[in-house]
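Structure first, then comments.
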Amino acid sequence: MLNQKVTDLLNQQINKEFYSAYLYLDMSNYFQDRGLDGFANWYKIQAQEERDHAMLFYQYMQNNDCKVTLDAIAKPDKVFKVDMDVLQAGLAHEEYVTESIHNIYAAAYEVKDFRTMQFLDWFVKEQGEEETNARDLITKMELFGNDPKSLYMLNQELSTRVYTAPSLVLD
Ligand code: MG
């Protein structure tokens, strides 16, 4: 059995990852309405990845005989006035998730729960990549977002993103 605090935090993370998926779907929806289907594609794939993350936490808990409790997923209530609002919100959200993962890691470290630490290693690395992706997107938008032709090209670029399953697989 895992430590109770670690268990609680893992359980909360399932909800946070599903909320992330919901938030990114909302962002995808924003861009779909704007007619920027490449951006919509990028965020929809982001949502799929978040759903995968939720399932990994869910599976890890079940594999360790931890009882999973599923809570309500909050409504994505961010208001986006301009495109950049979405990108900034994405980065802020990833920074929040990174902090959350690090909190679980710290709790596992405290009780010498090496198994959970090893499980979380993948997520620590993943969060580094998520933040980099969010920052890169902001940089590109700053450079090209104000020119319609360049925005069109950027939209084309983002339309090429394809979903790939996470490299972490739990049986
Ligand atoms: Mg995630």
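When a ligand or atom number is given, it counts from 1 through the structure's own listing order. Below, each value reflects all heavy atoms present in this structure, side chains not excepted, and no hydrogens, waters or symmetry copies.
- Judged by distance alone, with hydrogens and angles left aside, the side-chain atoms of D26 form no donor-acceptor pair with the main-chain N or O of D77 at under 3.5 Å.
- Here N64 contributes atom CG and R115 contributes atom CZ; the two are 4.5 Å apart, rounded to the nearest 0.5 Å.
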Identify all side-chain donor-acceptor contacts of residues 162-171 below 3.5 Å with residues at least two apart in sequence or on another chain.
| from | atom 1 | to | atom 2 | distance (Å) |
| --- | --- | --- | --- | --- |
| Y163 | OH | D52 | OD1 | 3.4 |
| Y163 | OH | D52 | OD2 | 2.6 |
| S167 | OG | W122 | NE1 | 2.8 |

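- With a 4.5 Å cut-off between side-chain heavy atoms of Ile, Leu, Val, Met, Phe, Trp and Tyr, the cluster of F144 takes in L143.
- For residues 58-83, every residue pair satisfying the ring pair (Phe, Tyr, Trp, His ring centres under 6.0 Å) rule, not counting sequence neighbours, is listed here: Y30-F80, Y60-F119.
- By the criterion of a separation under 2.8 Å, the protein N/O/S atoms near the Mg ion (ligand 1) amount to E17 OE1, E50 OE1, H53 ND1.
- R135 pairs with exactly one of E129, E94, E130, E95 by the salt bridge (Lys or Arg N to Asp or Glu O under 4.0 Å) rule, that one being E95.
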